[in-house]
Every structure is written in C-alpha cells, then in structure tokens.
Amino acid sequence: MTTTANAAPAAPAALHTAVIEWFDEHARDLPWRRPEAGAWGVMVSEFMLQQTPVARVLPVYEQWLARWPRPADLAAEPPGEAVRAWGRLGYPRRALRLHGAAVAIAERHGGDVPHDHAKLLALPGVGEYTAAAVASFAYGRRHAVLDTNVRRVFARAVSGVQYPPTATTAAERRLARALLPEDEATAARWAASTMELGALVCTARAPACGRCPVAAQCAWRLAGSPAHDGPPRRGQTYAGTDRQVRGKLLAVLREAAGPVPQAALDAVWDEPVQRARALDGLVADGLAEPLADGMYRLPQG
DNA sequence: AAAACGTGGCA
DNA sequence: TTGCCAAGTTT
C-alpha cells in the first residue's frame, strides 16, 4: 500500500454535492443530452467530440442523426458515405470507425448500442474513455469517466497542480475511482458534472475560479495556483506535415460526387514523394479506394 | 510507449 | 502571427 499526495479527500460528499448542484444550474442544453438522443446519439456525439470542440460538432451531429437515426441505418451505407458526412471535423478515421461500430452493433447486438463496458470497448473507435462515457451518459452506469476536462479538474481541485500528466496514469484512474459516488445515478451525474465544470469553468488557459463551486476547497488555489512545472505541454506542428497533405487529398475525394482522376489529387500538393506517401496512407487506412484506371474514390465496401 | 492522426478558433 | 487547445484511439 503506497500512500500518495493524491489520496481522496476525507469527505468527498461535499465535493459531489457542490459540483452536481452547479451542474444542475449551469449545464448546457446540448442535443446529445436530451432524452430523445438515446444511446446512439450519445455514441455519435462521443466519437465526434474526440479532440474536437462542441461548436464544430453541433451541426454535423444534427445532420448525422437526421440521416442515420439508428445504427442499422448507418451500417446499411458504404463507409465512404460516413467519411463524406464527417465533413471537416478532422481525424476522418473516426468516421470509418463509427461506421464500423454501427455495423458491429447491427450484426452482433441486434441493432442496440450495448450497455456493457466490455462490449462497448470491443467496438472500433471505442477506447477506455468512450466506453465509460456511453455507459454512464446513455445508461446511467457507474464508471470513472476520465477525459481531458475531468483530469484537469482533479489535477487542480484534488492534486493541487495546474495540469495533469501528458498521458493518463494509474494514479489518476485510482483517484477517479476513489472519488466516484457509490450510488449509480449519482455517479453518472458526477461524471457529467465534472466534465462540464472542466469545459466551462476550470478551463486550460484561464480558469474562471470566481465562478467555481469548489474554489474554496481547490488544492491548487489553496497552494497559490502554482504554475505548471516540468516539460512543455504539447507541440504539434501541422503545416507541411503528411497530415496536412492527407487532409487536402481527402477533401478532394469528399467533395467529388464520384471517382476522381489522379491529376485532381496531384493538384493539391506539389511535392510528389510526400504526396504519394500521403495517398498511400489514406488507402492503407481504408479512407481512399484506388480503382483500376488510376482513379480514386471514397471507400465503397 | 511514443507517435501518428485533422481542423479551426482564440489569445 | 504563432502556438495552444479541443469529450481520444490505435499501433
């Protein structure tokens, strides 16, 4: 048994109450939180929200659910249609995986999004976070839901540091489990509340501590809001990378009604080696399909 | 376990 | 303008 500075507070009940009451008052009215969204709506939103801001997801989510109101509706379409409808949300492999998840749900789960965490985790594109989020938000199950918002809230309020580690640690999972309310319905509420607090108040750059329901108990505040120490937090350049080239190539395929000639793809990037590598990558990932005559299209099968 | 994987808004 | 940041997953 190792003792750490990250031990749960003696009386987490006060923390639960404060955050959940704040949520009841301030939660955004998002479409995937409405009862009519259902588990499929929750799952679609979770895929789209991976690394993508709410404001950009909103319109695509609405179109998606209107077109494919149930998993089987999406499963009946070619994967390329999912990629096209994904639009400019970014990370288009998510569209492919969401389509794959819909196929699996239709084939193995009778068309219904599974309740069970392990079964969710087995779906393409569903990792630890998304499985917990769907089980918790859609079905009210008791799971530690550890996304970037929750990790930041816990890092500050409980651990007393400005930012969590780069990658999720065992200590964070332990802490999240320790903090989880016993009661199932309360646990699900807590998951949504802590996430919303991180998104709206305990933000990365400029936390609005004046509006925070737990500012008085926040370990980071109590420590004088010390600045992050350790290595710089990120550093992903984009311009000139294969990712940028892939994005440009896929945009051409997405916006075309049918197959596209090689020349149309060649036009988006002048460096031939990198361009070829990017296109090969798209094909390898199943995002593009080469045809016999040198044409390319979104995946049909 | 580090690195790849899109895109756009904001300070 | 540049860099940070946004409800992660996969290999």
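Letters A, B, ... mirror the listed sequences (proteins, then strands); counts begin at 1.
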For [X], answer base if it contacts any base atom (sugar-phosphate contacts may also be present), sugar-phosphate if it contacts only those atoms, and nothing otherwise; contact means non-hydrogen atoms under 4.0 Å.
{"X": "Trp86(A)", "result": "nothing"}
{"X": "Arg28(A)", "result": "base"}
{"X": "Arg151(A)", "result": "nothing"}
{"X": "Ala133(A)", "result": "nothing"}
{"X": "Arg246(A)", "result": "sugar-phosphate"}
{"X": "Leu96(A)", "result": "nothing"}
{"X": "Leu89(A)", "result": "base"}
{"X": "Thr52(A)", "result": "base"}
{"X": "Phe137(A)", "result": "nothing"}

Atom-pair distance ([atom1] on [X]; [atom2] on [N]), nearest Å:
{"X": "Glu196(A)", "N": "dA6(C)", "atom1": "CD", "atom2": "P", "result": "14 Å"}
{"X": "Met195(A)", "N": "dA6(C)", "atom1": "CE", "atom2": "P", "result": "13 Å"}
{"X": "Asp280(A)", "N": "dA4(B)", "atom1": "CG", "atom2": "P", "result": "17 Å"}
{"X": "Leu49(A)", "N": "dG8(C)", "atom1": "CG", "atom2": "P", "result": "8 Å"}
{"X": "Arg56(A)", "N": "dG9(B)", "atom1": "CZ", "atom2": "C1'", "result": "8 Å"}
{"X": "Asp242(A)", "N": "dT7(B)", "atom1": "CG", "atom2": "P", "result": "13 Å"}
{"X": "Arg243(A)", "N": "dT7(B)", "atom1": "CZ", "atom2": "P", "result": "10 Å"}
{"X": "Tyr61(A)", "N": "dA7(C)", "atom1": "OH", "atom2": "C1'", "result": "13 Å"}

Q: Sort and list the pairs that fulfil side chain to side chain donor-acceptor pair (under 3.5 Å) and have at least one residue in residues 286-301 of chain A, not counting sequence neighbours.
A: Glu289(A)-Arg297(A)
Q) Run the side-chain hydrogen bond (donor to acceptor under 3.5 Å, both in side chains) check on Ser225(A) and Gln162(A) step by step: do they pass? A) CA-CA 7 Å; Ser225(A) 306; Gln162(A) 186 178 23; over 6 Å; no
In whole angstrom, give me the gap between the [atom1] atoms of [N] and [M].
{"N": "dG8(C)", "M": "dC10(B)", "atom1": "C1'", "value": "22 Å"}
{"N": "dA11(B)", "M": "dA7(C)", "atom1": "P", "value": "15 Å"}
{"N": "dG9(B)", "M": "dT9(C)", "atom1": "C1'", "value": "24 Å"}
{"N": "dG8(B)", "M": "dT10(C)", "atom1": "C1'", "value": "24 Å"}
{"N": "dG6(B)", "M": "dC5(C)", "atom1": "C1'", "value": "14 Å"}

**Q.** Separation between CD of Glu196(A) and CD1 of Ile20(A), rounded to the nearest 0.5 Å
**A.**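 It is 13.5 Å, given to the nearest 0.5 Å.
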**Q.** Spatial distance of atom SG (Cys202(A)) from atom CG (Asn149(A)) [nearest 0.5 Å]
**A.**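 Reported to 0.5 Å precision, the distance equals 9.0 Å.
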Q: Could you check whether the rings of Phe154(A) and Trp190(A) sit parallel, tilted or perpendicular, using 30° and 60° as the cut-offs?
A: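 Answer is parallel, since the angle falls under 30°.
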Could you run down the sub-3.5 Å N/O contacts of the protein with nucleotides 9-11 of chain C?
from	atom 1	to	atom 2	distance (Å)
dT9(C)	OP1	Gly127(A)	N	2.8
dT9(C)	OP1	Gly127(A)	O	3.4
dT9(C)	OP1	Thr130(A)	N	3.0
dT9(C)	OP1	Thr130(A)	OG1	2.7
dT9(C)	OP2	Tyr129(A)	N	3.4
dT10(C)	OP1	Gly125(A)	N	2.7

Q | Full working for side-chain hydrogen bond (donor to acceptor under 3.5 Å, both in side chains) between Gln50(A) and Tyr129(A) | A | CA-CA 10 Å; Gln50(A) 293 169 1; Tyr129(A) 160 76; over 6 Å; no
[options]: which one has an atom nearest the side-chain heavy atoms of [X]?
{"X": "Leu30(A)", "options": "dA7(C), dG8(B), dC5(C)", "value": "dA7(C)"}
{"X": "Asp147(A)", "options": "dA7(C), dA6(C), dC5(B)", "value": "dA7(C)"}
{"X": "Arg94(A)", "options": "dA7(C), dT7(B), dG6(B)", "value": "dG6(B)"}

[X] side chain N/O closer than 4.0 Å to the phosphate oxygens (OP1, OP2) of [N]?
{"X": "Gln51(A)", "N": "dA6(C)", "result": "no"}
{"X": "Tyr91(A)", "N": "dA6(C)", "result": "no"}
{"X": "Arg152(A)", "N": "dA6(C)", "result": "yes"}

Q: Please say which of Asp266(A), Asp280(A), Asp270(A) ends up in a salt bridge (charged side-chain N to carboxylate O under 4.0 Å, His left out) with Arg275(A).
A: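 In the set Asp266(A), Asp280(A), Asp270(A), the residue that makes a salt bridge (charged side-chain N to carboxylate O under 4.0 Å, His left out) with Arg275(A) is Asp266(A).
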Q: Could you point out which residue of Arg94(A), Arg93(A), Arg97(A) forms a salt bridge (charged side-chain N to carboxylate O under 4.0 Å, His left out) with Asp285(A)?
A: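 Going through Arg94(A), Arg93(A), Arg97(A) one by one, the salt bridge (charged side-chain N to carboxylate O under 4.0 Å, His left out) with Asp285(A) is satisfied by Arg93(A) alone.
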Q: For Tyr163(A), check ring-ring contact (aromatic ring centres under 6.0 Å, His included) against everything at least two apart and list the hits.
A: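 Tyr163(A): ring-ring contact (aromatic ring centres under 6.0 Å, His included) contacts with His228(A).
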